[in-house]
Amino acid sequence: MLWQTIQWIEVNTVEERRIGRLVLPMRIDHKVLASLNL
């Protein structure tokens, strides 16, 4: 695929981590972390 044919790229900033069967998945929004400038 040529770079000229790409119009935009969408990136999902929300990560969902599974800890175990009995614990709800943890959702991390990396867009919020990036705005903190840490």
Side-chain angles (χ1 to χ4, degrees):
M1 179 178 292
L2 298 174
W3 287 106
Q4 292 84 7
T5 59
I6 299 175
Q7 293 181 357
W8 71 82
I9 297 174
E10 292 186 21
V11 178
N12 187 5
T13 59
V14 178
E15 175 186 356
E16 188 171 297
R17 287 189 184 171
R18 296 202 176 269
I19 301 169
R21 292 186 308 150
L22 301 176
V23 181
L24 290 175
M26 182 173 49
R27 296 177 60 93
I28 303 170
D29 189 357
H30 292 287
K31 182 172 37 174
V32 174
L33 294 176
S35 67
L36 294 177
N37 294 326
L38 296 176

Chemist: Looking at CD of E16 and CG of D29, how far apart are the two atoms once the value is rounded to the nearest 0.5 Å?
Modeler: 12.5 Å
Chemist: Holding to salt bridge (charged side-chain N to carboxylate O under 4.0 Å, His left out), I want the full list of residues that pass it with E10, two or more places apart in sequence or in another chain.
Modeler: none
Chemist: To the nearest 0.5 Å, what is the distance between CD1 on I19 and CG on L24?
Modeler: 9.0 Å
Chemist: Between CE of M26 and CD of E15, what distance do you get to the nearest 0.5 Å?
Modeler: 7.5 Å
